[in-house]
Number of protein chains: 2
Amino acid sequence: MADVARRAGVSLGTVSNVINNPGVVAERTLRKVQDAIDELGFVPNQVARSLAVGHANTIGFVIVDLANSYFVDIARGVEELADESGVRLLLANSDVDLAKQDSYLELFEESRVSGILLAPLDAPLTRAEQIRRRQMPVVHVNWPGVDGESCGVVVDEELGGYTATRHLIELGRQRLLFAGGPLSLSAVASRLTGARRAVEEEQGRVTLELLETDRLTVAAGLAVGRGIANRPPDERPDGLVSAADALASGAIQTMIYSGIEVPGDIAVIGYDNNHFAADHVIPISTIGQPGVDMGRAAAKLLFEEITRVPHVHRTITMNPELIVRESTTGRTWTD
Amino acid sequence: MADVARRAGVSLGTVSNVINNPGVVAERTLRKVQDAIDELGFVPNQVARSLAVGHANTIGFVIVDLANSYFVDIARGVEELADESGVRLLLANSDVDLAKQDSYLELFEESRVSGILLAPLDAPLTRAEQIRRRQMPVVHVNWPGVDGESCGVVVDEELGGYTATRHLIELGRQRLLFAGGPLSLSAVASRLTGARRAVEEEQGRVTLELLETDRLTVAAGLAVGRGIANRPPDERPDGLVSAADALASGAIQTMIYSGIEVPGDIAVIGYDNNHFAADHVIPISTIGQPGVDMGRAAAKLLFEEITRVPHVHRTITMNPELIVRESTTGRTWTD
DNA sequence: ACGTATTTTTGAAGCGCTTCAAAAGTAGAC
DNA sequence: GTCTACTTTTGAAGCGCTTCAAAAATACGT
């Protein structure tokens with residue numbers, strides 16, 4: 001920067017103004033300085049800038065699992081809002097590993113980003129609280145705020161489970177099977193609770209069977225489908241509430257391969273609106289989580305904290321959305 | 001840090017040594033300082049540190065498409081090596097958008113990261129070259145190095161296409177169909193070239209038909225499958241070389257739904273070894289790209305440049321791997 | 001031409017750390 | 001007790017920028 005100043009024949013302060021405050025410098029000087037910048041290929045040193053102003057105009061997002069498109073959607077939402085605010089977004093993948101999550105939280109704190117977004121794993125968030133206590137804004141995504149002390153954006157999983165189940169009931173299905181797991185995942189447990197509520201409202205007209213799986217994968221779904229196919233037809237459910245699209249996909253594939261009609265014999269609804277659900281051989285009805293909107297909402301909360309807009313900490317709960325496709329309503333891809 | 005020094009009754013330099021050079025400070029002093037650090041909850045300011053040493057011990061990775069698990073694999077490989085070297089990895093998603101790609105390249109340059117990894121989009125890399133010319137190490141991933149001036153890690157797409165096709169030929173298939181597109185994607189074009197080479201070697205015993213698609217999605221695959229199913233059986237191919245697993249998945253699903261047996265009537269091979277390929281109703285044979293290894297290789301090249309190990313710029317070409325599953329060999333998931 | 005108000009530019013003080021030559025402290029040998 | 005060789009600590013300079021009070025330049029009114 002000193003080189004630029006010398007070449008343009010002005011002082012350091014003026015060069016700084018050209019970069020951060022062009023309105024205040026005279027037309028002619030501005031041009032001179034900009035020419036010098038171009039000729040020298042000067043790249044401002046953000047590190048020095050951050051040190052001088054005391055913070056970076058960057059936010060960090062620690063993501064639990066980049067392989068899950070839901071989180072990538074959230075990241076996209078965050079970035080939209082960040083873009084609009086002229087703030088840059090840095091990502092870090094904690095890869096479902098608590099140590100990495102903590103390590104990246106530290107990195108962001110040490111890097112003095114303006115704020116941190118955290119899509120955490122299902123575990124205690126001691127490190128995040130520590131950081132928050134040291135005045136660094138931290139907002140949770142896909143996780144509630146800690147009561148009154150921090151903000152969070154979540155989606156109402158219980159309502160999602162309820163909505164999915166209600167959809168099947170309204171289609172006249174009466175023997176429902178809920179597949180998903182492990183139930184130690186709070187999201188799965190909430191979805192199940194919602195499903196149960198929908199069934200209870202029917203006061204005995206509808207039954208709900210539970211099939212807990214180890215994981216929420218296509219492979220687990222294949223097993224679920226196989227299990228159903230191996231039953232005598234009159235013991236099969238007529239509706240399958242699946243805690244994830246991947247699971248639903250596997251189940252559908254094995255079932256139709258075994259001659260069970262979907263949705264004729266068994267209607268299937270998934271969860272997550274994963275990218276492949278719409279493109280499936282039988283497009284899968286599902287519960288969509290508004291990932292992009294969640295990202296925007298979380299970023300908004302974070303910016304409020306950063307700018308210290310007077311603001312009570314809160315948890316924003318977003319509603320999941322029923323997306324009806326052929327796996328419950330019967331039109332098929334051949335249309 | 002001054003607070004820590006005061007509290008521990010030592011000088012600034014000593015605190016700095018405790019943090020960066022603990023070996024050099026006396027046992028007793030070390031303990032004193034560390035206690036002070038804990039009591040004060042001191043978090044070293046990386047920004048100041050970076051400014052003082054002239055660079056951050058962080059590398060940046062600009063990724064063209066986070067939604068593609070292949071790149072997430074690469075990122076994981078990069079991170080493995082970065083971890084081992086005590087360097088932190090920051091991610092930025094350019095989301096198939098050249099402006100964003102450039103913007104994040106700039107961010108990393110201005111942040112004085114030690115080096116940049118770039119998985120670029122299929123477009124001119126002027127910004128990256130500019131940055132490289134200013135002495136910032138930049139290594140390409142999934143893109144060749146610029147002749148002699150920069151490094152890159154790629155996978156031999158032509159060989160992948162050849163290997164896939166050869167696999168079908170060795171299984172006795174003779175009427176092959178290559179599906180994929182658009183051909184303007186250099187990866188697709190190379191895979192096709194490889195497929196053609198394999199067929200040419202058979203000197204007329206095998207034919208290859210080309211079906212160009214708009215995209216490499218499941219939806220496009222469904223259309224491919226439908227197209228094949230609608231033909232009279234004797235005009236159908238007996239082997240399908242698909243330029244992507246998603247495409248293969250769609251094709252397989254519609255074909256088996258239409259009563260075509262896979263691989264009995266038509267053997268299908270995909271490309272990419274995407275996560276869902278193994279879990280498919282008919283697990284999909286495919287060409288695996290060694291994403292994690294590519295990430296490691298790229299990170300290694302980058303570290304060479306960063307540490308200025310004498311090093312000629314080169315492009316590392318990795319070999320794709322044939323992964324044989326049921327969509328070509330006929331065992332099915334029911335086993 | 002002069003004084004006042006306004007616009008521009010200046011330059012020095014920091015931001016919080018690392019670095020390194022020099023100073024201070026310690027240990028062992030005689 | 002003194003010297004030498006080594007270990008440990010110190011403190012000031014500097015990394016490249018922002019900031020802001022003060023100085024300089026310019027504009028305006030009379």
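Protein chains get the first letters and strands the later ones, always in sequence-line order, with residue 1 at the start of each. Note that these values count all heavy atoms, side chains included, but never hydrogens, waters or copies made by symmetry.
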Task: Closest to side chain of A:N20, choosing from D:dT18, C:dT19, D:dC17 - done: D:dT18
Task: Atom-pair distance (CD on A:E27; P on D:dT26), nearest Å - done: 16 Å
Open item on the list: I'd like to know if the side chain of B:S114 reaches the main chain of B:A56, judged simply by a donor and an acceptor atom lying under 3.5 Å from each other, with no hydrogens or angles considered.
Closed with: yes
Open item on the list: In whole Å, I'd like the distance from the CG atom of B:N45 to the C1' atom of D:dC15.
Closed with: 13 Å
Open item on the list: For a salt bridge (charged side-chain N to carboxylate O under 4.0 Å, His left out) check, start with the C-alpha distance between B:E109 and B:R127, then their side-chain angles and the critical distance, and finish with the verdict.
Closed with: CA-CA 11 Å; B:E109 183 182 22; B:R127 179 54 99 300; over 6 Å; no
Open item on the list: As a test of reading the structure: which of C:dC17, C:dT10, D:dT9 is closest to the side chain of B:T29, going by heavy atoms?
Closed with: D:dT9
Task: Closest-nucleotide 5' rank along DNA chain C - winner of B:G13 and A:A26 - done: A:A26
- [ ] Using whole Å, report how far CZ of A:R112 lies from C1' of C:dG16.
- [x] 9 Å
- [ ] Counting heavy atoms from C-beta on, name the nucleotide in C:dT10, D:dG16, D:dG11 closest to the side chain of B:S11.
- [x] D:dG11
Task: Separation of C:dC20 P from B:L12 CG (nearest whole Å) - done: 17 Å
TODO: Could you pick out which residue, A:M1 or B:T14, lies toward the 5' side of DNA chain D when each is mapped onto its nearest nucleotide?
DONE: B:T14
TODO: May I ask you to say what B:V47 touches in the nucleic acid, namely base, sugar-phosphate or nothing, with a heavy-atom cut-off under 4.0 Å?
DONE: nothing
- [ ] Please report, rounded to the nearest Å, how far the C1' atom of D:dA13 is from the CG atom of B:L51.
- [x] 13 Å
- [ ] Find the distance A:H55:NE2 to D:dT19:P and express it as a whole number of Å.
- [x] 8 Å
- [ ] Return the nearest nucleotide to the side chain of B:V53; candidates are C:dC17, C:dT18, D:dG16.
- [x] C:dT18
Open item on the list: For B:K300, is the NZ atom crowded, meaning more than 12 foreign heavy atoms sit under 6.0 Å from it?
Closed with: no
Task: Atom-to-atom span, CD of B:E110 to P of D:dT18 - whole angstrom - done: 11 Å
Open item on the list: Let's go through B:T14 and B:T29 carefully: what are the C-alpha distance in whole Å and the side-chain angles of both, what is the deciding distance for side chain to side chain contact (heavy atoms under 4.5 Å, CB included) to 0.1 Å, and is it a yes or a no?
Closed with: CA-CA 9 Å; B:T14 302; B:T29 322; 3.9 Å; yes
Open item on the list: Both A:R49 and B:L30 contact DNA chain D. Which one's nearest nucleotide lies toward the 5' end?
Closed with: B:L30
Task: Below 4.0 Å: OP1/OP2 of C:dC17 and any side-chain N or O of B:S16 - done: no
Task: Protein-nucleotide distance (B:K32, atom NZ; D:dT9, atom C1'), rounded to Å - done: 10 Å
- [ ] Select base, sugar-phosphate, or nothing to describe what B:V15 touches, counting heavy atoms under 4.0 Å on all strands.
- [x] nothing
- [ ] State whether the side chain of A:N57 and the backbone N or O of A:G86 hold a donor-acceptor pair below 3.5 Å, judged by distance alone.
- [x] yes
